[in-house]
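Input: a single structure, listed below in structure tokens.
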Amino acid sequence: MTTPVVAVRGASVTFGAVRALSGVDLEISAGEAVGLVGHNGAGKSTIVNVINGGLTPHEGSVSYGGMASGMTGVSAARAGGVRCVFQELSLCSNLSIVENARLMHAGLTGFGWRKRALALIETKLSEVFPGNRVDCSATVGTLSIAERQMVEIALNFLDVSGPPKLVILDEPTSSLDSALAEQMLAHVRKFVSGGGSVLLISHILGEILSTSTRIVVMKDGGVVAARPVSEFTGKSLVEAMGSVVREKTRTGVRTVLDTSPTVIDIPATPRTGLGLKARKGEVIGLAGLGGHGQTAMLLALFRERSSNWLPHRPDEIAFVAGDRALNGTFPLWSILRNLSVGNLGALSKRFSVHAANEDAVGAEWKQKTAIRTPDMHLPILSLSGGNQQKVLFARALSTPARIVLMDDPMRGVDIGTKQDVYSIIRAEAEAGRTFIWYSTEMDEICLCDRVYVFRDGAIVAELSGDEVSEHNVLAASFSGEAA
Amino acid sequence: MTIFNTALSKPWIWSWLAALATFVLTVLFTGGASTFSLGQATLTFAAFSVIVGLGQMLVITLGPGNVDLSVPATITLSGTLALKFMNTDASLILPGLLVAIGIGLGVGIANYGLIKLLRIPPIIATLSMSFLVQSLAIWSNRGLRIKPPDELSAFTTGMTLGIPNIAVVGLTLSVAIWWLLDRSIYGRWISAIGQSPFAARMAGIPVDGTRFLTYVICAVLAALCGYLLACFSGGAALNMGAEYLLMSIAVVVIGGSAVAGGNSNVPGIWGASLFMFLVVSMLNTYGFGAGIRLMLTGLIIIAVIIAASRRVSAR
Amino acid sequence: MKIKISADHIRLLIPLVSLAVLLVAVFWLQPRAMSYLGLNLLFNLAVPIALATIAQMLVIAVNDLDLSIGTFVSFAACVTAVYMPSTPLLGIFILAVAIAAYAFMGMIIHLRDLPSIVVTLGMSFVWGGLAVLILPSPGGQAPVWLRSMMTAQTPIIPFAIVASLVIGIVAHLIVMKSTLGVAIRGVGGNARSVSRAGWSVLRIKVAAYALSGFFSVLAGMALVGLTTSADANIALRYTLLSIAGVILGGGEFVGGRVSPIGAVVGALTLTLAGSFLSFLRISPDWQIGAQGAVLIVVLGLRLIFSRREA
Amino acid sequence: ANADTSGKKIALSNNYAGNSWRQAMLTSWDKVTKPAVAAKKVAAADAFTTAENQATEQAAQIQNMILQGYDAIVLNAASPTALNGAVKAACDAGIIVVSFDGIVNEPCAWRIAVNFKEMGRSQVEYLSKRLPQGGNLLEIRGLAGVFVDDEISAGIHEGVKQFPQFKIVGSVHGDWAQDVAQRAVAGVLPSLPDVAAVVTQGGDGYGAAQAFEAAKRKTPIIVMGNREDELQWWKKQKDANAYETMSVSIAPGVSTLAFWVAQQILDGKQVKKDLTVPFLRIDQANLEDNLKSTQKGGVANVEYSQADAEKVIADAK
Ligand SMILES: Nc1ncnc2c1ncn2[C@@H]1O[C@H](COP(=O)(O)OP(=O)(O)OP(=O)(O)O)[C@@H](O)[C@H]1O
Ligand SMILES: Nc1ncnc2c1ncn2[C@@H]1O[C@H](COP(=O)(O)OP(=O)(O)OP(=O)(O)O)[C@@H](O)[C@H]1O
Ligand SMILES: [Mg+2]
Ligand SMILES: [Mg+2]
């Protein structure tokens with residue numbers, strides 16, 4: 001057997017009381033696409049950090065192919081040809097794309113590096129995402145979240161002083177719509193067939209099954225299965241992760257809705273396209289390609305219905321953020337405080353927050369959304385990405401809000417929890433709450449009662465009942481282009 | 001041992017230890033004879049720093065870039081106008097207090113108006129406002145010193161059970177602010193805004209309302225300090241607030257509040273205020289010249305902050 | 001190549017327009033200012049402020065804030081005035097040590113994860129104390145070469161303008177064009193990703209602080225060249241002025257968004273705002289307040305543009 | 001007069017307006033120059049104050065005055081040296097510069113100086129008469145690094161050398177601000193032995209008295225600084241227990257003397273570059289008179305007329 005590109009042996013990592021990794025072995029050879037799956041908090045991002053050199057395992061070792069085994073740390077990993085697209089976007093938003101490339105690639109030196117970098121990026125970006133419209137001389141901060149993700153992926157595949165040997169992709173498609181995701185996966189396959197290797201992490205099992213050559217399943221900090229892709233089916237993969245597959249629960253058109261009162265009514269205008277209407281108890285989907293105005297619509301709806309000056313009535317509206325770091329979590333706070341902040345009024349007696357009430361609500365939602373933590377008083381940042389997202393979910397659902405806006409809230413949430421949350425949403429809708437749900441995942445869109453498709457900031461189609469299908473949504477999303 | 005460790009993990013403990021050490025060093029100079037009187041003087045003068053420091057702390061908690069530089073001018077204006085209004089008449093003590101509070105309200109509203117309406121960064125907005133307020137103080141009284149009513153003067157310089165009245169006022173206000181920060185919804189709100197205003201907005205927090213209230217509270221506390229200080233020192237002077245610009249910021253940060261916002265604590269303000277008074281007294285007592293004294297003050301501040309930082313990395 | 005109007009351009013446009021408006025107002029009030037001598041008198045004291053503003057900008061670029069610039073510039077001025085004329089080598093040595101101290105301060109701030117405001121607040125006392133020790137009462141003397149440099153008669157364009165241009169361009173090359181500049185701004189934007197890319201954030205921060213110290217020293221020397229002597233309190237107001245200059249020039253407190261040219265223009269604008277007031281002849285009672293009002297108006301101008309930007 | 005000054009413009013460059021002394025100075029300027037302008041003695045007498053007490057800001061102000069075409073600049077300087085560049089530029093532009101109180105040492109400027117050293121020394125001399133056997137002194141200084149502070153303090157130390165029966169047991173900086181002085185004194189007082197007298201730089205006396213009272217210490221002889229509240233306090237003590245002290249400071253109205261001197265120079269008079277004015281001293285005997293003529297809450301003051309100025313100029317010859 002050839003020397004592996006990277007070999008992790010017996011790696012263990014603990015964070016305080018949490019054992020994030022316990023004796024994990026993982027080897028990746030050239031020409032291999034390893035799919036890594038597991039529930040939220042299974043330790044996937046932790047092993048990424050170990051391979052990447054950012055985290056030194058407390059036990060065990062990491063070695064990079066062809067390198068002296070003593071070397072560790074970020075620079076050793078980079079010298080070993082390891083590149084990494086992190087779960088949270090990690091470009092400097094104040095710098096231009098070219099400058100970010102300079103920071104990422106030490107080889108980009110000398111006179112005229114800006115020009116060279118620009119040419120390299122433009123080529124690579126159109127290689128990975130053919131037909132993209134990203135302006136490569138722009139500042140990262142002006143890009144949409146999907147564009148940033150695309151740029152970060154392209155930057156890591158860049159060949160400056162030697163091609164990358166191993167590219168780690170930690171949930172790279174979470175902010176990409178399905179078309180872009182497919183482009184990226186195609187590039188991964190091409191890269192792997194050309195002798196490169198990839199470690200792909202995703203909660204969308206279809207991606208893993210279609211792209212990997214080998215799948216590694218993690219559970220609670222350990223590897224529970226590692227076999228070639230041919231030995232897995234979707235069902236067996238889910239079972240290996242420790243969840244049960246449930247049948248899709250689309251219950252057909254709920255006729256009762258036509259009589260219930262309207263809670264949101266946005267009239268049609270030339271700029272925003274068709275109008276948007278939502279009734280009590282409805283689950284409304286906002287679909288379309290990423291970054292075509294769905295988030296802006298949700299933000300506008302929220303701002304319209306909550307005051308920036310006076311205390312907010314929590315029974316009116318709540319918001320579940322998708323971009324955790326930007327508009328979701330409060331990094332200095334505990335999990336509990338992050339959860340309870342949405343509805344402090346209800347937890348208070350005589351204007352002061354009642355600790356016992358707060359703890360009770362925390363315990364309830366920890367159980368309901370299966371937040372994986374030993375103690376709700378730990379800092380929010382000790383949670384894995386997906387678990388943080390669950391806290392944001394619980395924050396909104398624990399309020400009595402009549403309308404819940406969701407900005408792609410399932411980003412990075414594992415299958416098991418997703419299914420739990422879907423059923424909570426269903427039940428809450430039945431009880432009379434209205435959900436406005438922007439999602440980049442077709443499965444989720446198909447769970448909605450009614451779907452509005454966005455294109456270029458405007459609503460171009462309304463689909464309801466049996467019209468809601470992947471085919472119709474895609475057709476509407478691309479309607480402009482076809483014409 | 002555990003108690004010891006928990007104590008050491010509190011961000012405010014270091015300012016208290018520093019205050020204690022300087023106190024002991026100062027008292028040792030006289031062989032312990034000055035303990036009581038130094039204690040009283042320290043409590044009195046620290047209380048003024050505490051009162052302005054509390055307001056500044058709330059503002060600083062609002063996040064990076066938030067600070068109120070109009071504190072000194074507000075102190076001056078409220079002292080000047082309140083004393084001018086009372087004109088040594090004891091029956092006007094309460095209305096005079098209302099005048100001071102009204103000035104605080106006005107300055108706070110104007111500060112936030114500039115920040116919000118003209119989107120001027122708070123540092124610059126409050127600095128500009130302080131020039132305007134200072135001008136107003138000059139124009140209104142041209143620096144003439146009017147005495148406070150005797151009763152008020154007696155109260156501010158007096159003691160209750162051996163504790164200076166000013167310290168009692170400072171303590172009462174501290175408890176109120178502590179409650180606001182630690183227990184009330186408002187405290188959660190400012191902490192959330194300090195960490196991420198955008199996330200706070202999306203969590204349903206009335207960001208502008210909260211920030212507005214915070215700037216107003218800060219200005220009102222400064223005005224209150226001006227009122228008390230002018231009565232305590234027997235009349236308002238145009239430069240009476242100058243001291244409190246750096247002081248109000250210093251006591252907040254030395255007290256262990258996170259300067260990046262989102263985290264704050266009241267006991268630290270007291271520790272730092274006592275310390276800031278004592279360190280000058282100590283260096284004066286030992287007879288250092290101005291140059292050495294300034295240098296040592298700076299080095300001691302840095303030493304305290306480095307000692308406090310060990311806690312973070314050890315955790 | 002097509003020219004795109006980006007947010008960065010608009011950022012720079014705001015201070016430039018403020019400066020132009022003020023300049024027109026000053027010329028209108030005082031036509032005499034529209035001359036070689038007049039421009040020099042209007043702007044020569046802006047040169048040290050511009051240098052101090054660049055120093056502050058370098059610190060702000062890594063998401064820190066320096067409250068000690070005023071006292072540090074005073075200290076540098078005292079060293080220059082006391083040692084440079086008679087024992088230049090000693091003077092240069094002390095200033096070099098001071099720059100090293102600045103770099104060390106950056107190191108401590110990073111290693112211990114300290115709030116820069118507190119450390120620099122503490123250091124401001126230290127520099128102030130050292131300045132008083134070196135120069136207990138005002139005095140000292142500018143070295144001849146420095147004096148003649150700062151009062152040089154450049155052809156056609158007054159020295160003050162030439163110097164500001166040079167400062168702006170040099171700072172632009174360092175901060176916006178060089179790799180170190182990219183790294184410094186990168187640390188301000190996202191320190192974690194910079195370190196993940198294999199950089200030492202510590203070294204970058206130390207470099208930023210050292211550069212900042214260097215520009216502050218230049219500010220102190222330029223100041224002495226203009227005033228001919230120093231005192232321990234000579235530049236205290238530079239702390240707030242430099243922060244205002246950076247902000248006015250389109251910089252932001254967090255996120256590594258800074259503009260060196262904007263900072264220099266900001267410094268010029270603030271200086272000019274003071275002159276504008278002198279020429280207005282306001283009643284002494286309100287002269288201080290008017291300074292506040294001018295600051296408000298100049299910064300309020302940004303609003304018009306940021307609305308357009310949005 | 002050799003020349004006509006009715007077309008000449010004079011500017012006052014002031015660096016600080018934040019205390020009652022400076023306010024009295026500005027008021028005196030106003031009171032004297034307004035009639036002078038009305039009587040066409042000069043064309044203009046404008047006062048300018050900087051926002052922050054900073055030499056660099058004042059230097060810019062002076063440079064602006066050059067551009068504004070003033071014929072003379074009357075200057076109370078933030079620093080005796082740091083304005084030299086700007087003052088030199090003004091002189092080069094043919095402008096008369098007259099500095100007072102805070103004087104500048106650029107040779108081309110005129111100086112109306114108070115002998116600050118003597119002001120400090122005379123305090124100790126006075127005390128030597130009151131306390132022949134000497135005693136402990138507490139010194140309250142002004143702002144570190146400022147010329148006036150250094151001078152007065154040097155004078156006091158000279159006085160102690162001359163009268164070695166006195167010993168300075170404590171020295172604090174009160175920054176010429178009453179509350180800072182009070183704070184600083186209260187901080188050292190507990191650790192000081194018996195203090196026989198307090199020597200000051202003006203305006204800190206009342207704060208010191210308060211600090212002694214708060215610490216329940218015997219009130220020493222506190223040298224006052226001509227503020228009305230100090231004089232009031234002194235009067236009250238005098239009436240109650242025959243308390244005796246003296247008060248000394250420079251009169252804010254010296255700005256008007258500088259104004260007239262500038263006018264005389266513009267008029268073509270030969271004036272020596274260095275003039276001195278006496279400081280204003282109040283003693284036990286003339287306390288009541290001075291108190292009567294001092295505005296409530298203000299500073300004891302004298303304003304000068306053109307004739308006074310001519311006399312000062314003639315005396316200096
Ligand atoms: N800095 C930290 N401090 C404390 N605990 C941590 C820290 N980082 C991770 N953990 C814990 O380690 C465990 C593994 O986290 P990790 O981020 O690797 O999960 P993951 O598999 O990537 O999950 P997800 O799919 O949600 O991204 C989690 O239980 C998490 O709470
Ligand atoms: N879609 C978005 N995603 C992330 N951040 C956003 C988005 N839209 C706006 N922001 C950020 O939110 C912040 C606040 O924006 P904005 O000025 O619209 O606030 P606002 O709360 O609406 O204020 P006001 O009520 O006064 O209009 C800005 O920093 C902006 O960049
Ligand atoms: Mg993860
Ligand atoms: Mg808005």
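Lettering of chains follows the sequences in order, A, B, ..., and the numbering in each one begins at 1. Nothing here was measured: the structure is a model prediction, and the numbers come from that model.
- With sequence neighbours left out, the salt bridge (Lys or Arg N to Asp or Glu O under 4.0 Å) criterion links D:K161 to no other residue.
- Looking at D:V172, the atoms closer than 4.5 Å to chain B (heavy atoms on both sides) sit in the backbone and in the side chain alike.
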Any donor-acceptor pairs between chain B and chain D, under 3.5 Å? If so, list them.
from: D:G18; atom 1: O; to: B:N239; atom 2: N; distance (Å): 3.1
from: D:Q23; atom 1: OE1; to: B:R142; atom 2: NE; distance (Å): 3.0
from: D:Q23; atom 1: OE1; to: B:R142; atom 2: NH2; distance (Å): 2.8
from: D:Q178; atom 1: OE1; to: B:R145; atom 2: NH2; distance (Å): 3.4
from: D:Q178; atom 1: NE2; to: B:S233; atom 2: O; distance (Å): 2.8
from: D:R183; atom 1: NE; to: B:E243; atom 2: OE2; distance (Å): 3.4
from: D:R183; atom 1: NH1; to: B:Y244; atom 2: OH; distance (Å): 3.4
from: D:S191; atom 1: OG; to: B:T285; atom 2: OG1; distance (Å): 3.1
from: D:D229; atom 1: OD2; to: B:R145; atom 2: NE; distance (Å): 2.7
from: D:G297; atom 1: O; to: B:R145; atom 2: N; distance (Å): 2.8

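- Inspection of the D:E303 and D:T256 side chains reveals no N or O donor paired with an N or O acceptor under 3.5 Å.
- Of all the listed residues (B:F288, B:F36, B:F277), the one sharing the greatest number of non-hydrogen pairs under 4.5 Å with chain D is B:F277.
- With sequence neighbours left out, the ring-ring contact (aromatic ring centres under 6.0 Å, His included) criterion links B:F275 to no other residue.
- Open room surrounds NZ on D:K117; 12 or fewer heavy atoms of other groups in view lie less than 6.0 Å from it.
- Going from atom CG of B:L136 over to atom CG of B:L81 covers 6.5 Å, rounded to the nearest 0.5 Å.
- For the pair D:V169/D:L137, no side-chain contact is recorded, criterion being any heavy-atom separation below 4.5 Å from C-beta on.
- Of all the listed residues (D:A184, D:P190, D:A186), the one sharing the greatest number of non-hydrogen pairs under 4.5 Å with chain B is D:P190.
- If you measure heavy-atom distances from B:F45 to chain D, the contacts under 4.5 Å come from both the backbone and the side chain.
- With a threshold of 4.5 angstrom between heavy atoms, B:L229 approaches chain D through side-chain atoms but not through N, CA, C or O.
- Proximity to chain B involves both the backbone and the side chain of D:A17, based on heavy atoms less than 4.5 angstrom apart.
- In this structure, the side chains of D:V188 and B:V280 stay at 4.5 Å or more apart for every pair of heavy atoms.
- The only member of D:V248, D:V198, D:V124 that meets side chain to side chain contact (heavy atoms under 4.5 Å, CB included) when paired with D:V223 is D:V248.
- Both the backbone and the side chain of B:F232 have a heavy atom closer than 4.5 Å to some heavy atom of chain D.
- Under the side-chain contact (heavy atoms from CB on, under 4.5 Å) criterion, B:V168 pairs with B:I163, B:T172, sequence neighbours left out.
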